[in-house]
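Contents: one structure, followed by commentary.
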Number of protein chains: 2
Amino acid sequence: MLELAILGLLEEQELHGYEIRRRLREELGFLANVSFGSLYPALARLERSGAVVAAGEVASTPGIPMTGSLAGERAAFWPRRGPAPRSRRGRKVYRITEEGRRQFAALLAAEPGAGEDARSFGLRLAFARYLPPAARLRLLERRRSQLQERLEAARRVAADHQLDRYARSLAEHAKESTEQDISWLDRLIAAERSGGGDGVHWTPSPAPMPSPDPSRAASAAPSSAAAAAVTKGLP
Amino acid sequence: MLELAILGLLEEQELHGYEIRRRLREELGFLANVSFGSLYPALARLERSGAVVAAGEVASTPGIPMTGSLAGERAAFWPRRGPAPRSRRGRKVYRITEEGRRQFAALLAAEPGAGEDARSFGLRLAFARYLPPAARLRLLERRRSQLQERLEAARRVAADHQLDRYARSLAEHAKESTEQDISWLDRLIAAERSGGGDGVHWTPSPAPMPSPDPSRAASAAPSSAAAAAVTKGLP
DNA sequence: GTCATCATGTAAGCCGTTACATGATTGC
DNA sequence: GCAATCATGTAACGGCTTACATGATGAC
């Protein structure tokens, strides 16, 4: 989960840990309170598995040899957006690798058996543009059928006469918001079926991206995949 | 959390582990997939801490001495509701104690600093009838202010032009459902303020309940505090 | 010079999950 | 007798949180 979110953010641009956390908090509503205690170890894992590299290390991609000037090398990887970097030491800017893109695509497309909650779905939807249209549709429909089941359960509960006012109100509210979630999904699915074939919204994730062009970090970014809390899950 | 849910269910009637899990799944939408691997250890902890006792053991409440016939003693604690008990061995029927009621009241009233998510709130609301009116109001208002903050964050995100269609849709949906949650809460708060003072809905939890009357298990129960998933949290 | 913020990390521990192991009861 | 369901538990492990430790930079 965290890995997926991190890789998704890094698909767009290079970032350092602190900044990743800020985006997680401010832009993705779910995962709002990931702490450094889980973020940094996650980054370390990703680095060990070869999914990301810390800036300055040009990975094993040949063609861009190190100059020998570490400082110069690192300077080239400072994030360009935002106010000029203020602190320039201690920051470890991470970049996603080909292997990382592969992992990202795999995580994104993974169809988790039972453990798909709203956070997981929301996260995947936020990065849905990296998903091939068919997988996107499956994601939406899988979610829809889960919500449908939940709706039926909610209806059963709400039908219980014996609930006190609080439990009843809770049950009815649950029923109603599930209904609204479903109709939202239905709109998304319809849009996907009709206009979806245009391919406009598919940025193939494991794209051939042979030379890690530094200018990409500065210019690419259709902005962060942001999207606040669908989840009632967190604060 | 789990402890709170278990104690809440046991406030109403005696139950054995398997049945507790069934209710958790079917009636409380959150906590839908607690597994035995967490449920049984939780029950064991509660038993060790004196919050619950297994049927047959009359706790340290004097006045109802053991007859010596264990089988007879246990028979008196089979749950009376539902179809006649089919399997009659291996079941450990738990009953809440005075100490358990104390713990329940404490857990229910606890004001968790930051870690209050929808599950936690939903659970507390489901058992809100055990909360004194003032605490109930605080619970609702605390939740409202959290949602208010979330709404503002969601608005900021939704205002971002650069979102792709999926992230945008997600952000807008999040904004709208948060708005609806807030207006639902506002209705609850209003109801609480006006009609709330009647005391009708307060069953003081740590009530004096000196002799554990077996008939209570059969007759009391204003039904389980049930209420399905407010949480988008789980399946 | 000191405070707030930025920035990275480690250690302990909680809470829960999956998977495994066991056995009784009922229906066929 | 066998399978399904009911019923209880243990063991290993995973992920995330809290709390702690450290230090650079910039503002005042």
Side-chain angles (χ1 to χ4, degrees), chain A residues 1-6 15-26 30-48 52 54-56 74 78-79 82-94 107 112-117 119-120 123 233-235, chain B residues 1-6 15-25 30-48 52 54-56 71 74 78-79 82-94 107 112-117 119-120 123 233-235:
Chain A
M1 274 263 352
L2 225 196
E3 264 91 347
L4 176 58
I6 293 173
L15 294 168
H16 55 96
Y18 199 87
E19 175 70 10
I20 289 175
R21 196 230 189 181
R22 199 190 58 77
R23 301 206 174 204
L24 252 26
R25 296 185 79 89
E26 291 182 13
F30 22 78
L31 294 169
N33 44 8
V34 289
S35 57
F36 292 122
S38 55
L39 178 61
Y40 286 121
L43 282 168
R45 280 197 301 278
L46 288 170
E47 198 174 8
R48 272 201 303 278
V52 303
R74 298 189 71 178
W78 285 338
R86 292 185 301 163
S87 58
R88 40 184 71 193
R89 231 197 123 263
R91 286 158 69 139
K92 264 177 87 170
V93 178
Y94 289 99
L107 284 171
E116 179 157 62
D117 57 5
R119 281 192 286 312
S120 160
L123 194 54
L234 287 234
Chain B
M1 272 261 356
L2 224 196
E3 264 90 348
L4 176 58
I6 292 173
L15 294 168
H16 56 94
Y18 200 86
E19 175 70 10
I20 290 175
R21 195 227 192 184
R22 199 190 58 76
R23 300 204 175 202
L24 253 25
R25 298 184 77 89
F30 23 77
L31 295 170
N33 43 9
V34 288
S35 57
F36 292 121
S38 55
L39 178 60
Y40 286 119
L43 282 168
R45 279 196 302 276
L46 287 171
E47 199 175 6
R48 271 200 305 277
V52 303
R74 298 190 68 176
W78 286 338
R86 293 185 301 164
S87 57
R88 38 185 73 193
R89 231 198 123 263
R91 285 159 71 141
K92 264 177 88 171
V93 178
Y94 290 98
L107 283 172
E116 178 155 63
D117 56 6
R119 279 191 288 313
S120 160
L123 194 53
L234 287 232

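Here is the naming used below: chain letters follow the sequence lines, and residue numbers restart at 1 for every chain.
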For atom CG of A:Leu24 and atom C1' of D:dC16, their distance in whole Å: 13 Å

Between C:dA24 atom C1' and B:His16 atom NE2, what is the distance in whole Å? 13 Å

Distance check needed: D:dC16 P versus A:Arg25 CZ, whole Å only. 15 Å

Is the cationic atom of B:Arg91 (NZ for Lys, CZ for Arg) positioned less than 6.0 Å from the six-membered ring centroid of B:Tyr18 and within 45 degrees of its normal? no

OP1, OP2 of D:dT17 versus side-chain N and O of A:Ser38: anything below 4.0 Å? yes

If you check every side-chain atom of B:Arg91, which of D:dT8, D:dG9, C:dT8 has the closest atom? D:dT8

Rounding to an integer number of Å, can you tell me how far B:Leu107 CG sits from C:dC15 P? 11 Å

Set of residues satisfying side-chain contact (heavy atoms from CB on, under 4.5 Å) with respect to A:Ser35, sequence neighbours excluded: A:Ser38

Phosphate-side-chain proximity, B:Ser35 and C:dG16, N/O vs OP1/OP2 below 4.0 Å: no

Reckon A:Gly17 touches a base, only the sugar-phosphate, or nothing at all at heavy-atom distances under 4.0 Å? sugar-phosphate

Is there a side-chain contact between B:Ile6 and B:Leu15, using heavy atoms and a 4.5 Å cut-off? no

If you check every side-chain atom of B:Phe36, which of C:dG16, D:dT10, D:dT8 has the closest atom? D:dT8

Contacts of type salt bridge (Lys or Arg N to Asp or Glu O under 4.0 Å), residue B:Arg45, not counting sequence neighbours: B:Glu3

Separation of D:dG15 P from A:Leu46 CG (nearest whole Å): 12 Å

Counting side-chain heavy atoms from C-beta on, which of C:dG9, C:dG16, D:dG9 comes nearest to A:Lys92? C:dG9

Distance, rounded to the nearest Å, where A:Tyr18 contributes OH and D:dT25 contributes P: 16 Å

Without decimals, in angstroms, what is the distance between A:Leu43 CG and C:dG9 C1'? 11 Å

Taking the side chain as every heavy atom from C-beta outward, state whether A:Leu43 and A:Ile20 have any pair of such atoms under 4.5 Å apart. yes

May I have the distance from B:Glu19 (atom CD) to D:dT8 (atom C1'), rounded to whole angstrom? 15 Å

